[in-house]
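The figures here come from the full heavy-atom set of this structure, side chains too, leaving out hydrogens, waters and symmetry mates.
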Amino acid sequence: MSILVYIEHAEGKVKKTSLEAVSFAKELSAKTREGEVIAVALGTVDSGELASVGKAGAAKVLHASDSRLNDGVIQAHAAAVAQAFKSVGAKTLVLAKSSLGDAVAARLAIKLNAGLVSNVIELPNTDNGYVVKRSIYTGKAFAETKVTTENKILAVKKNAVDLKTDGANASVEAFSVNLSDSDFASKITSTERATGEILLPEADIVVSGGRGMKGPENWGMIENLAKVLGAATGCSKPVSDIGWRPHHEHVGQTGVKVAPSLYVAVGISGAIQHLAGVNSSKCIVVINKDPEAPFFKAADYGIVGDAFEVLPKLTEALKAE
Ligand code: FAD
């Protein structure tokens, strides 16, 4: 027996969220005695990079290197992971909660006749059945879901588990999958991406600006701080509605939901719709000239001050570090 983990990678690197899923699976196997953790990776990725998945807790990585599996072809990924699941005799599949993960997991739930729980934040409670705690309503509440099927799929929420990195390298084995033309019936033909930009949904640090930045001509200050921190840039909804920033940067209930280790909000009031997109952040820093701004209630650290004075000083101080 073993637990299978579906690994996502981008630009030659295994995603941190997938490594968190591996660490989660390792702890799960210690609790449920489901044997070793085996990861499955699809498409082109360096075997040294895959071996490092062992540090997070995987004993072995199955690698289906067929280049047609690049670019996240959902049906083909679901077919390949289902084959890996059966070949290793797993009863549990763990993966990271993500857009690709959601699409693949839903198809796998059908293929494997498995109960699927998404946004998992803790190891299941197995005292009375198999009860999984998950985050709902953009992190404002929790739900407990009882899984009654033999096969189970758990999609782990970003930042919900501690990533372990003290294991040994995993062995990497070629994995051959049987895929038909229908598995590639739809595919992504092009993706747009500004070079060098850190993707907002996956960023570990985000610097966001709101209407308090007064205009797009002042965004250089947000970008400079983001550059020093290695962060992605985001914004509030009105900022993208007015056209100061592109829509894909809009954070919140109706925009991108982020869960970075650090979220820096500059000149954003902290309306409930904005908070809905950021309240899974590990640490929130708010810079606002109004001490009564609601965002301060959700902040771990707050700076009451004019962004036009604070940002240049903060950026210079961080550069000097
Ligand atoms: P403002 O509310 O105008 O706040 C600007 C802030 O900047 C103020 O707190 C002010 O004190 C501060 N400030 C001004 N000058 C300075 C300065 N020099 N230095 C420092 N601080 C300064 N909003 C989202 O962001 N995301 C969403 O997904 C979203 N979805 C919505 C969905 C619905 C259905 C609705 C009705 C609204 C939604 N909104 C969303 C809008 C939301 O309600 C707020 O209107 C919006 O978030 C406010 O944006 P803001 O904080 O940038 O602007």
Side-chain angles (χ1 to χ4, degrees), residues 3-26 28 37-58 60-85 88 90 92-109 111-112 116-120 153-161 163-165 170 172 175 177 179 183-184 186-188 191 193 197-204 232 256-261 280:
I3 295 181
L4 187 71
V5 182
Y6 167 60
I7 293 291
E8 287 183 52
H9 55 90
E11 294 168 0
K13 290 267 168 219
V14 172
K15 291 190 178 176
K16 181 173 168 259
T17 47
S18 290
L19 296 174
E20 287 173 2
V22 171
S23 290
F24 179 92
K26 180 77 176 167
L28 180 61
V37 174
I38 299 179
V40 58
L42 309 174
T44 312
V45 57
D46 178 68
S47 57
E49 173 68 12
L50 291 181
S52 68
V53 171
K55 297 199 168 80
K60 186 161 65 178
V61 181
L62 304 177
H63 184 201
S65 59
D66 186 334
S67 61
R68 292 179 304 161
L69 291 163
N70 292 343
D71 299 328
V73 194
I74 295 157
Q75 299 95 318
H77 275 225
V81 176
Q83 287 171 36
F85 189 84
V88 301
T92 307
L93 172 74
V94 177
L95 72 167
K97 156 93 180 125
S98 69
S99 334
L100 177 61
D102 284 348
V104 171
R107 284 163 178 80
L108 279 165
K111 282 180 189 292
L112 302 172
L116 161 63
V117 187
S118 190
N119 259 330
V120 173
I153 301 178
L154 306 179
V156 180
K157 188 172 188 230
K158 184 180 176 191
N159 275 337
V161 293
L163 171 59
K164 305 276 186 322
T165 51
V172 181
F175 180 63
V177 285
L179 297 168
D183 291 321
F184 296 94
S186 66
K187 66 175 192 174
I188 297 161
T191 51
R193 162 108 193 253
E197 194 181 301
I198 296 167
L199 290 175
L200 181 58
E202 285 152 24
D204 202 40
V256 181
K257 288 166 190 65
V258 295
S261 300
S280 294

Item checked: Salt bridge present between E49 and K13 (N-O < 4.0 angstrom) ->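 Yes.
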
Is the shortest side-chain heavy-atom distance between [X] and [Y] below 4.5 Å?
X	Y	value
N159	S280	no
I7	V22	yes
S47	H63	no
V81	L95	no
F85	L108	no
T17	E202	no

Next item on the list: Would you indicate whether K15, at its atom NZ, is surrounded by more than 12 heavy atoms from other residues, nucleotides or ligands within a distance under 6.0 Å?
Entry: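 Yes, NZ of K15 has more than 12 neighbouring heavy atoms, counting only those of other groups under 6.0 Å.
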
Note to self: Which residues pass the side-chain contact (heavy atoms from CB on, under 4.5 Å) test with I74, not counting sequence neighbours?
What the structure shows: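 For I74 the side-chain contact (heavy atoms from CB on, under 4.5 Å) partners, ignoring immediate neighbours, are L100, A103, V104, R107.
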
Checklist line | Residue list, side-chain contact (heavy atoms from CB on, under 4.5 Å) with A170, at least two apart or on another chain | finding: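 If we apply the side-chain contact (heavy atoms from CB on, under 4.5 Å) test to A170, skipping adjacent residues, the hits are V61.
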
Item checked: Shortest non-hydrogen contact between V161 and E20, atoms and distance -> CG2-O, 3.4 Å

Note to self: For a quick test of reading the model, state the closest non-hydrogen atom pair linking Y6 to S18 and the distance between them.
What the structure shows: O-OG, 4.1 Å

